[in-house]
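Have a look at the structure below, then the notes.
Order of appearance sets the numbers: ligands from 1, and atoms from 1 within every ligand.
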Amino acid sequence: MKIAFFNTKRYEKQAFEEANRGGGHEFLWIDLPLRAGTAQLAHGSDAACVFVNDQADAAAIAVLAAGGVKMIATRSAGFNHIDLAAAKAAGIVVARVPAYSPYAVAEYTLALMLSLNRHVHRAYNRVREGNFALDGLLGFDMHGRTVGLIGLGKIGVCTARILQGMGCNVVGHDPVSSAPGVTPVSLVELLGSSHIVSLHCPLTPQTRHLINGESIQRMKRGAMLINTSRGALVDTMAAIEGLKSGQLGSLGIDVYEEEAELFFEDLSETVIQDDVFARLLTFPNVLVTGHQAFFTADALAGIAAATLGNLSEFAATGQCRNALS
Ligand code: NAI
């Protein structure tokens, strides 16, 4: 199969070349994100392989279909960047990687929580400047604290297990799933009882801005909010207001609603134009990283193997068990 890879980084190319050793797929590397204006670069390919900040919207899909693309394989679990209805109408099968390493994201979620709680990001800078004072670095024991998980799928369950190992009281809200030892509660109850709220549900029209001004008001004063799922689950302006008033005690995010223009690129020589993002960076109690929760060697190998598995299955049978449409 000839596969056009959009926006692929060096570390991903290595993982895919490795997974394709002897596999017989032909790769076309396109070092640009998928947009309506770049989709024609995939003409002549059987499939397009995309990632979270590509935009497989109706316009891009129409161009892909006109060029003979029959499958879109996303190298991710989330698929909110793909217009499934447009793909179906164009006769394009869409497949995702439903699970690769929930541990990678769950462990990173804990990294954000613990760093924020114990101010590791600030201590790192202080010590390098010879400042060994502890003022401002006071944290709290995780043991005995209540952590609320919104979404109890694969990543939510892994996160719950780690937190339970630390002696946290874990409560969860999920309309479908439950998890061992996690007390199921309503969203309102979760917000009102949790010292830390962590998001592990997908971005859908229903979950967009799930955390907004109203839900932040419902949280315990000074609670921590963690988002390693999708940026638009949180209304960033409402989070900024919450941080300014002290209602939100701290914020740890690996995803941001306007991240498509920022993340995965080295912009250190440019002036960031996004004033909302720039404001976030001014808070001492905010920790932002650039969508790296999935980024372990194990997860990269798993993503490459599963994505190529989807493409091989489709090439052989015209179907794919991980198809979304
Ligand atoms: P999953 O599909 O196993 O679980 C998602 C859970 O969310 C399901 O149990 C579902 O019932 C629940 N859910 C749906 N709507 C909900 C709502 N309104 N309230 C509460 N729960 C709701 O997905 P998985 O693998 O656990 O991943 C979760 C999310 O993590 C993905 O959708 C993706 O956006 C994000 N992710 C982020 C990564 C990163 O690098 N930062 C990497 C991988 C995934």
List ligand 1 atoms under 4.0 Å from [X], heavy atoms only on the residue side.
X: P175; answer: 16 (C), 17 (C), 19 (N), 20 (C), 21 (N), 22 (C)
X: S177; answer: 9 (O)
X: C201; answer: 7 (O), 13 (N), 16 (C), 21 (N), 22 (C)
X: Y100; answer: 42 (C), 43 (C)
X: A293; answer: 39 (C), 40 (O), 41 (N)
X: V176; answer: 11 (O)
X: H291; answer: 39 (C), 40 (O), 41 (N)
X: V105; answer: 38 (C), 42 (C), 43 (C)

Could you report the tightest heavy-atom contact between A47 and L311, atom names first, then the distance?
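Reported closest heavy-atom pair: CB-CD2, 3.5 Å.
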
Measure across D174 and L152 and return the closest heavy-atom pair with its distance rounded to 0.1 Å.
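Closest heavy-atom pair between D174 and L152: OD2-N, 2.7 Å.
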
Quick check: does L210 get an N/O under 3.5 Å from an N/O on ligand 1?
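No; every N/O pair is 3.5 Å or more apart.
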
Can you find an N or O of F294 that's nearer than 3.5 Å to an N or O of ligand 1?
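By distance alone, the answer is yes.
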
Could you check [atom] against the protein and tell me its nearest heavy-atom contact, residue, atom and distance included?
atom: atom 37 (C) of ligand 1; answer: T228 O, 3.1 Å
atom: atom 9 (O) of ligand 1; answer: D174 OD2, 2.6 Å
atom: atom 28 (C) of ligand 1; answer: H200 O, 3.4 Å
atom: atom 33 (C) of ligand 1; answer: R230 NH1, 3.7 Å
atom: atom 20 (C) of ligand 1; answer: H173 O, 3.3 Å

Using a 4.0 Å heavy-atom cut-off, which part of T207 comes near ligand 1: side chain, backbone, both, or neither?
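Side chain only; the backbone of T207 stays clear of ligand 1.
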
Just to be sure I read this right, does ligand 1 sit under 4.0 Å from the backbone of I155, its side chain, both, or neither, counting only heavy atoms?
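For I155, backbone and side-chain atoms both sit under 4.0 Å from ligand 1.
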
Does the side chain of P180 come within less than 4.5 Å of R161's, by heavy atoms?
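The answer is no, as the side chains (C-beta and beyond) never meet within the 4.5 Å cut-off.
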
Measuring only between side-chain heavy atoms, which start at C-beta, is H291 closer than 4.5 Å to Y256?
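The answer is no, as the side chains (C-beta and beyond) never meet within the 4.5 Å cut-off.
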
If hydrogens are left out, which of [options] has an atom nearest to [atom], that is, the closest non-hydrogen atom?
atom: atom 3 (O) of ligand 1; options: R96, Q206, K154; answer: K154
atom: atom 7 (O) of ligand 1; options: G153, G231, P202; answer: P202
atom: atom 30 (O) of ligand 1; options: A99, S229, P98; answer: S229

For the residue pair [X] and [Y], categorise the inter-ring angle as parallel (less than 30°), tilted (30 to 60°) or perpendicular (more than 60°).
X: F5; Y: W29; result: tilted
X: F51; Y: F264; result: tilted
X: Y11; Y: F295; result: perpendicular

Can you name the salt bridge (charged side-chain N to carboxylate O under 4.0 Å, His left out) partners of R96, sequence neighbours left out?
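Checked R96 against salt bridge (charged side-chain N to carboxylate O under 4.0 Å, His left out); zero matches.
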
How many angstroms lie between atom CD1 of I226 and atom OG1 of T109, to the nearest 0.5 angstrom?
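Output value for this atom pair is 7.5 Å.
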
Among T296, T289, T228, T159, whose side chain to side chain donor-acceptor pair (under 3.5 Å) with Y108 holds?
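Testing each of T296, T289, T228, T159 against Y108, the sole residue satisfying side chain to side chain donor-acceptor pair (under 3.5 Å) is T289.
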
Tell me, please, whether Y124 has R122 positioned over its six-membered ring: NZ or CZ under 6.0 Å from the ring centre and within 45 degrees of its axis?
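The answer is no, since R122 fails at least one limit relative to Y124.
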
With distance as the sole criterion, is a donor-acceptor pair present between the side chains of S101 and D298 under 3.5 Å?
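Per modelled atom types, S101 and D298 side chains form no pair under 3.5 Å.
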
Non-hydrogen atom of I150 closer than 4.0 Å to ligand 1
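So I150 counts as touching ligand 1.
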
Taking CZ in R321 as the centre, count heavy atoms belonging to other residues, nucleotides or ligands within less than 6.0 Å. Is the count above 12?
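Atom CZ in R321 is not packed in, count stays at 12 or less.
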
